[in-house]
Each structure stands twice: as C-alpha cells, then as structure tokens.
Enquirer: 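One structure, as structure tokens, below. Some questions next.
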Amino acid sequence: MANSVFPRLPGFRDFPPEEFALRAHICEAWRRVAHRYGFLEYDGPPLEPIELYVQKSGDEIVNQLYSFTDKGDREVSLRPEMTPSLARILGARSRGMSKPIRWFSLPQLFRYERQQRGRLKEHFQWNVDVVGEAGLAADAEILAVAIDGLRELGLTSEDFVARVSDRGLVQILLEVLGVPEGAVAGTLAIADKLGRTPEAAVQEKLVTDVGFSDDLAKQVLAVFLAPSLEDLDAHVLSDSRVSERITSFREFVARLGTMGLGEYVEVDLKIVRGLAYYTGVVFELFDRKGELRAICGGGRYDRLLELVGGEPLPATGFGMGDVVLGELLADRGLVPTFQRELDYFVVVVSAQERPEALRIAQALRESGKSVAYSLRDQSLLKQMKVAGREGASVVLIIGPGELERGCFIARDMTSGEEREVVLSDLV
Ligand code: HAM
C-alpha cells in the first residue's frame, strides 16, 4: 500500500515551532498589556451546551457552530466565542465578588466559516472584559487596552484605526426615523454588511427584507453613512434623546483623547457589530489601508449576564483575533525572525567524558540555563555543527586532558574565543 499523508482539515492550522513563535509573540504581548491594566486571566471549557449561543449570540454565529449531540444525548458546541462562557461563569459566582470584575482570556475558538483571507475555522482570540461597571469610563478603558495590545506589537496609528459607534444611539436614531422596534434587529444585521456590500444593495435589502419604503430605506442608510455626527439630519439632531446620547458618546471619545489615544479613534456609525447582545458603545479595529477584515471587535453588552441566568450586571469588552493580526504584522515587517537559542551545548571528545558532561549539563540546567548535547556518540566536528544549528551561545568542550584537570573549555560561538573554566565560573 502506498504511503498516504493525512491531510489537515481545511481552515485549521498546524503550529510547528517556526509558526508557534509568532503565536507566542502575539499572546505574550497581549498578556503583558492585560496585566498592565490590572486584568486577571481566566479560562473555561472548549465545549459548551449549545443553548448558551442560541438566541444570545445571533443567527450569524449560530449558523457557524461546530455542534453535535454527545454520547449523553446533550446538544453541545465547540465555543465560537468567549463572551457567553464568561457570562455563564460569572452568572454562577459574581454575587460575592467585588466589582468591577476585570478578566481576560486567550481561548482557541471554532467557527464553521467559509475560509477566506483573515478568516479560518479556528483562531485564538484575546478577550478582555470589564463586568459590573455601567459608566463610559469602562468602555474607554476597554478600547485603550485593545489599542495598546496592537501598539505593544509595534503597530502605530498609521497602521490601524478604531472605528467607534454607539448601538444605543443608532437605535434611538432609527426610532426617531420611525423604524418599528421589531425591525431594528433586522436593520442592524443588514447594516453590519456595509463596507463589504455595495450601498445600493444594502438599501435594496432594507426594502425587500425589512419592508421599508424607498424613502425610509434612504434615510436609514444616510444615518449609517453619516461622515460625522454633525452630518446627521437636522430634524434627527433636534430630538432631545438623540442630543443627550450624543453628548455622552462624545465624552467617551474625549476620554480616549485625554489618554493620548485620540489619533487611533474615529466615529463611524456603520459599525453595528454582527453579534446580537450589544447594547451601547461598539467598536472595531481595522488596518488603515482597509485591505483586511476586522482585527478586533467589541462593545457594551449590559443584558447578557442576566439572560444567561446571572445577576443583572453591565459589561463591556472585546475580542481580538490572531489571524488578521498576524497578516498585518507580516505586511508591516513586524514578525520577529525565528531564532533557536540555547545558553550552552556540551561537547565531548570521546565517550569517556560523557558522565562528566551529563553532570555539568544538569548542574547548569538547575541554575536556570538552557543546555543540550548530542544524544548519541558523534565526532567533535559533527557535535560542533549541531551546536551551531541549535543556536548555542557557548560550547563547552570536555576532552581527556580537561577531565584529568577537572575543568573544560568554553568557546564563545560569536567571537570564537576560548578559555578554560570550572563549573563554579558558570553557575
Ligand atoms: P467577533 O467580532 O465575532 O467578536 O470576533 C472578534 C475578532 O475575532 C474579530 O475581529 C477577528 O479578528 C477574530 N475572528 C472572528 N472570527 C474569526 C475567524 N473565523 N477566523 C479568524 N479570526 C476571527 C466576538 O467574538 C465577541 N465575543 C467579542 C467580545 C468580547 N465582545 C465583548 N467581549
């Protein structure tokens, strides 16, 4: 029988060390930033009851679930996002906890999405959430964390932008235009496609799918496409609920300016978010050139915890994926070159020095150094080659003469300099 290689499932990735290095580089930066802002790390199970997502996350994500019936007849799903799990976990324990709760996580998530640039069937997603604080200070803090997560990786305001909106404001605007309450969710779902779908097609869908008149569809579209808040229709702006909501939304934007992050933030009412549970400020981070899908998305979801059975707690947060981000870092030349690194490689001239080599290697490892050696007898030349390939900074050479004198030779692999040392010189 011919040898066959098992193919990898489409949309999934292997992480050999060269590729794992980029994932680790990204995740370590995310962790550093989360800790800098005082967030604590948590995790949950990768498999959840399907009920956790149905109706709470919205149709789009439910259609992408990796779900099945388990051997105990439970309807389960791999997690497509972390927010419902966070709501479930806190639902069971938030009552005794001091608020606000600041938690972050780095889960691997699974969505049966059509594979395209920046979208796979699995990804790692940095989730950062503040729970138990209704004020806009929490939203500003959350967006600042997201921006800093990208800055930590070397990206600047020339590389990315945060587009911010307020679903609460958009909802009021739609009401003022006369959109019935029952049509709001459908309108938002269609508007979420703006930017990826031609405007005329979106307007057409508002007529055919939501049942708007041509005139209402045009007015609704004008809200989403307004270049700035000042450009909204005067009749709409004169409504007191609209102007109040705009005032507080502006405070949120101004706060980010005070934090020195103003150059990263742009108001864009087209950002409505695909997920069903958002209630207030929402945002998405994009590459400036507009070539890639969203790098990050988030916002306020004040009713989800209650919906999942917990105490009613306001919440705000975001998810940032590693796939689009990896592409952006590669485009900007910000992917560090993969380098093997080792403090020491121990080389023996003959098998006779092997016991001493093992003793030295273990003593150095105990002192925290990284050490390797050939696992089989090899010529000196071969061992030196392996030491170079494995990125050793220093090679320790033991021959019969050194063994007799109780020392060994340390060769600096950069300068080529050699000196005689004893173990206590190195630990
Ligand atoms: P989301 O917008 O669905 O939000 O995902 C957030 C980010 O995850 C996206 O901007 C993208 O970078 C990445 N992402 C999503 N799907 C894929 C995919 N198929 N392949 C690669 N990357 C992907 C949420 O998931 C919310 N739960 C975020 C949140 C947390 N909101 C509040 N707290």
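Read the numbers this way: they start at 1 and go in the same order the structure lists the ligands and their atoms.
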Enquirer: What about G299: any of its N or O atoms under 3.5 Å from an N or O on ligand 1?
Expert: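 The answer is no, given that G299 and ligand 1 share no N or O pair closer than 3.5 Å.
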Enquirer: For the residue pair F110 and H123, is the inter-centroid distance of their aromatic rings smaller than 6.0 Å?
Expert: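 Judged by ring-centre distance (under 6.0 Å), F110 and H123 do not meet the cut-off.
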Enquirer: Ignoring hydrogens, what is the shortest heavy-atom contact between Y373 and V346? Give both atom names and the distance.
Expert: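 What the structure gives for the nearest pair is CB-O, 3.3 Å.
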Enquirer: Please work out whether the ring planes of F15 and F124 are parallel, tilted or perpendicular, with thresholds of 30° and 60°.
Expert: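 The rings of F15 and F124 stand perpendicular, inter-plane angle above 60°.
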Enquirer: What do you reckon, are the aromatic ring centroids of F104 and W30 less than 6.0 Å apart?
Expert: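 Ring centres of W30 and F104 not closer than 6.0 Å.
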Enquirer: Just verifying a value: how many Å separate S374 OG and M384 CE, rounded to the nearest 0.5 Å?
Expert: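 One gets 11.0 Å once the value is rounded to the nearest 0.5 Å.
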Enquirer: Would you mind listing which atoms of ligand 1 come within a distance below 4.0 Å of any non-hydrogen atom of V323?
Expert: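 Close to V323: 21 (C).
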Enquirer: Any nitrogen or oxygen of I295 lying under 3.5 Å from a nitrogen or oxygen in ligand 1? Just yes or no.
Expert: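 N/O-N/O distance below 3.5 Å exists for this pair.
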Enquirer: Any carboxylate oxygen within less than 4.0 angstrom of a Lys/Arg side-chain nitrogen, looking at E60 and K193?
Expert: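 Salt bridge: yes.
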Enquirer: Could you tell me, atom by atom, which parts of ligand 1 come under 4.0 Å of a heavy atom of E113?
Expert: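 Near E113, the atoms of ligand 1 are 16 (N), 17 (C), 18 (C), 19 (N).
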Enquirer: Taking the six-membered ring for Trp and the single ring otherwise, decide whether the centroids of Y264 and F160 are under 6.0 Å apart.
Expert: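 Judged by ring-centre distance (under 6.0 Å), Y264 and F160 do meet the cut-off.
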Enquirer: What residue and heavy atom of the protein are closest to atom 5 (O) of ligand 1, and at what distance?
Expert: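 Among all protein heavy atoms, the one nearest atom 5 (O) of ligand 1 is Q125 NE2, 3.1 Å.
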Enquirer: Heavy-atom distances under 4.0 Å are what count here, so tell me which part of L285 touches ligand 1: side chain, backbone, both or neither.
Expert: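 For L285, there is no contact with ligand 1 at all, from either part.
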Enquirer: Considering Y278, Y301, F318, which one's heavy-atom position lies nearest to atom 31 (N) of ligand 1?
Expert: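 Among Y278, Y301, F318, the closest heavy atom to atom 31 (N) of ligand 1 belongs to Y278.
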Enquirer: Under 4.0 Å from any heavy atom of D129, which atoms of ligand 1 are there?
Expert: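 Selected atoms, number and element: 30 (C), 32 (C), 33 (N).
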Enquirer: Pick one of side chain, backbone, both or neither for how F124 approaches ligand 1, counting any non-hydrogen atom pair under 4.0 Å.
Expert: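 It is neither part, as no heavy atom is under 4.0 Å.
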Enquirer: Which ligand 1 atoms are under 4.0 Å away from a heavy-atom of C296?
Expert: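 In order of number, 10 (O).
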Enquirer: At a non-hydrogen distance cut-off of under 4.0 Å, which region of R111 contacts ligand 1 (side chain, backbone, both, or neither)?
Expert: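 Only the side chain of R111 comes within reach of ligand 1.
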Enquirer: Short N/O distance, under 3.5 Å, between L275 and ligand 1?
Expert: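 Checking ligand 1 against L275, no N or O pair falls under 3.5 Å apart.
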Enquirer: For atom 29 (C) of ligand 1, which of D322, L86, T83 has the closest heavy atom?
Expert: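 Considering heavy atoms of D322, L86, T83, the nearest to atom 29 (C) of ligand 1 sits in T83.
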Enquirer: Quick test of your reading of the structure: of P107, G118, G321, whose heavy atom lies closest to atom 21 (C) of ligand 1?
Expert: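 It is G118 whose heavy atom sits nearest to atom 21 (C) of ligand 1.
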Enquirer: Would Y277 count as a contact of ligand 1 if the rule is a heavy atom under 4.0 Å away?
Expert: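 Contact check Y277 vs ligand 1: positive.
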Enquirer: For atom 22 (N) of ligand 1, which candidate among Q116, H123, R114, E122 holds the nearest heavy atom?
Expert: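 The nearest heavy atom belongs to H123.
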Enquirer: Where on L109 is there a heavy atom closer than 4.0 Å to ligand 1, on the side chain, on the backbone, on both, or on neither?
Expert: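 For L109, no heavy atom sits under 4.0 Å from ligand 1.
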Enquirer: Quick one: which of E81, R293, R273 has a heavy atom closest to atom 4 (O) of ligand 1?
Expert: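 Nearest option to atom 4 (O) of ligand 1, by heavy atoms: R273.
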Enquirer: Going by ring-ring contact (aromatic ring centres under 6.0 Å, His included), W103 matches just one of W126, Y37, Y42. Which one?
Expert: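 Only one option passes, and that is Y42.
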Enquirer: Is K121 positioned over the aromatic face of Y66, cation under 6.0 angstrom from the ring centre and no more than 45 degrees off axis?
Expert: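 The answer is no; the distance or angle limit is not met.
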Enquirer: Considering only heavy atoms of G297, which atoms of ligand 1 have at least one such atom less than 4.0 Å away?
Expert: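 Answer, ordered by atom number: 10 (O), 28 (C).
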